[in-house]
Protein chains: 2
Amino acid sequence: MMTTARPCTIADTLAVVGEKYSLLILREVFFGVRRFDAMARNIGAPRDILTARLKRLVEAGLLEKVAYSERPPRYEYRPTAAGVELQGVLHLLRQWGDRHLAGSPPVVFSHTCGQELDPVVTCRGCGESVAPGSLTADFKVPGWGASGAV
Amino acid sequence: MMTTARPCTIADTLAVVGEKYSLLILREVFFGVRRFDAMARNIGAPRDILTARLKRLVEAGLLEKVAYSERPPRYEYRPTAAGVELQGVLHLLRQWGDRHLAGSPPVVFSHTCGQELDPVVTCRGCGESVAPGSLTADFKVPGWGASGAV
DNA sequence: TACAGTTAGTCCAGTTTTCCAACTAACCCC
DNA sequence: GGGGTTAGTTGGAAAACTGGACTAACTGTA
């Protein structure tokens with residue numbers, strides 16, 4: 001009888017950034033907002049929750065806490081390289097919402113190429129977009145499915 | 001005084017798929033697991049929570065509930081086109097975890113091109129990858145920042 | 001010196017959500 | 001009739017979230 005959940009990196013990643021507000025903290029940090037008060041305002045998160053989330057993100061290596069004042073001690077939060085790697089997730093979430101939810105986009109991004117950003121997930125190997133059905137899953141853990149198209 | 005949170009499509013999207021287990025439901029559905037019991041097992045989610053999440057995802061148009069048995073009435077959950085569009089998010093979350101969390105990947109995906117999938121977010125306009133700093137944000141709502149690099 | 005303002009939190013009581021296990025309902029197969 | 005499958009529902013305890021007030025250590029202004 002199967003009693004544990006599927007071993008899964010997506011679930012593991014969500015254990016780090018899947019709690020309420022965590023991805024919104026990263027959003028703010030990418031917008032250049034790096035201080036506690038401004039984050040609390042922009043996100044609309046309770047301050048104690050924000051404290052807890054920042055702590056978690058620092059521990060997980062997505063943000064680093066940097067002093068910008070000695071007295072009184074004051075810190076700001078900067079994205080690490082690992083944190084920056086999650087920017088794509090935010091682009092895709094924004095794209096999905098802009099496409100499927102009511103209302104006009106509150107922010108538009110322009111790429112250096114001059115075009116408005118429309119993000120596409122591609123395969124690094126061949127450069128083609130990753131279309132549904134273009135993948136084969138190979139499960140490495142016994143009991144959790146064989147190879148199959150996704 | 002600013003009292004409301006930043007208007008943001010990312011936050012709006014997370015209101016739909018940001019609750020605990022929602023993205024894992026989509027993961028299962030993409031693996032072809034479409035029935036309640038199997039989802040509950042594979043995700044490890046409480047059954048009442050699963051019920052609530054499935055309801056929400058159906059209402060939001062990400063899944064559709066399709067009868068596969070008349071008597072007794074039995075339904076399965078299939079991804080809609082809008083649901084499938086979120087697959088990229090899962091690929092990126094998995095990639096991030098495979099890179100930054102301990103343990104070896106429990107699943108590996110192969111693209112039709114023959115290579116192991118390493119997803120990259122690119123700009124549809126120019127085909128180049130979306131590197132940090134290669135974007136300019138243009139805020140459409142007054143009071144929420146001017147143009148700036150991201 | 002007094003006083004308002006800024007910044008980064010902490011604390012608390014009340015509400016909401018989640019968790020877990022058990023239970024129901026409607027079937028099928030033997 | 002008994003056991004197995006499937007899709008939920010229910011209820012009580014535990015955990016998380018909420019909003020607001022509060023602290024501490026400054027800065028800048030009059």
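The sequence lines fix the lettering, A, B, ..., with proteins before strands; numbering per chain opens at 1.
- Residue-to-nucleotide proximity on DNA chain C shows that, of A:Phe36 and B:Pro72, the 5′-proximal contact is made by A:Phe36.
- Along DNA chain D, the nucleotide nearest A:Pro73 and the nucleotide nearest A:Glu19 are compared for position; the residue whose nucleotide lies closer to the 5' end is A:Glu19.
- When hydrophobic clusters are built by joining Ile, Leu, Val, Met, Phe, Trp and Tyr residues whose side-chain heavy atoms come closer than 4.5 Å, directly or via intermediates, B:Ile10 is grouped together with A:Val84.
- At whole-Å resolution of the value, CZ in B:Arg71 and P in C:dA25 are 16 Å apart.
- Taking every heavy atom of both residues into account, A:Ala137 and B:Phe31 meet most closely at CB-CE2, 4.3 Å.
- Both A:Ile25 and B:Val17 are members of a single hydrophobic cluster when ILVMFWY side chains are connected at heavy-atom separations under 4.5 Å.
- In this structure, A:Arg41 atom CZ and C:dG5 atom C1' are separated by 13 Å, rounded to whole Å.
- By the rule that hydrophobic residues join a cluster once side-chain heavy atoms approach within less than 4.5 Å of another member, B:Leu93 and A:Leu135 end up as members of one cluster.
- With the end axes of the helix from C:dT1-D:dA30 to C:dC30-D:dG1 each set by five pairs, the angle from one to the other reads 10° at 10° resolution.
- B:Lys65 places its NZ atom 10 Å from the P atom of D:dA7, with the value rounded to the nearest Å.
- Distance from the side chain of B:Asp48 is smallest to C:dC20 among C:dC20, C:dG9, D:dA7.
- In this structure, B:Arg47 atom CZ and C:dC20 atom C1' are separated by 12 Å, rounded to whole Å.
- Counting heavy atoms from C-beta on, the side chains of B:Arg56 and B:Glu19 come closer than 4.5 Å.
- Distance A:Ile49 CD1 to C:dT16 P: 16 Å, rounded to the nearest Å.
- What separates CD1 of B:Ile43 from P of D:dG8 is a distance of 14 Å, to the nearest Å.
- At whole-Å resolution of the value, OH in B:Tyr21 and C1' in C:dT18 are 8 Å apart.
- Contact between the side-chain N/O atoms of A:Tyr68 and the OP1/OP2 oxygens of D:dC26 is not found at any separation under 4.0 Å.
- Across the interface with DNA chain D, nearest-nucleotide mapping of B:Ala38 and A:Ala45 shows B:Ala38 to be the residue nearer the 5′ end.
- Between A:Arg99 and A:Asp118 there is a salt bridge, with a side-chain nitrogen of the basic residue lying less than 4.0 Å from a carboxylate oxygen of the acidic one.
- Pairing each heavy atom of B:Phe30 with each of A:Val150, the nearest pair is O-CG1, 3.7 Å.
- A donor-acceptor contact under 3.5 Å links the side chain of B:Arg74 to the base of D:dT6.
- The line from OH of B:Tyr77 to CG of B:Leu26 is 13.5 Å long, rounded to the nearest 0.5 Å.
- Regarding contacts with the backbone of D:dT18, a side-chain N or O of A:Lys20 is found under 4.0 angstrom from either OP1 or OP2.
- Distance, A:Leu50 CG to C:dA8 P: 10 Å, rounded to whole Å.
- A sub-4.0 Å separation between OP1 or OP2 of D:dA16 and a side-chain N or O of A:Arg53 is absent.
- Side-chain atoms of A:Thr51 lie closest to C:dG9 of the nucleotides D:dC17, C:dG9, D:dT9.
- Using a 4.0 Å cut-off, some side-chain N or O of A:Tyr77 falls inside it from OP1 or OP2 of C:dG9.
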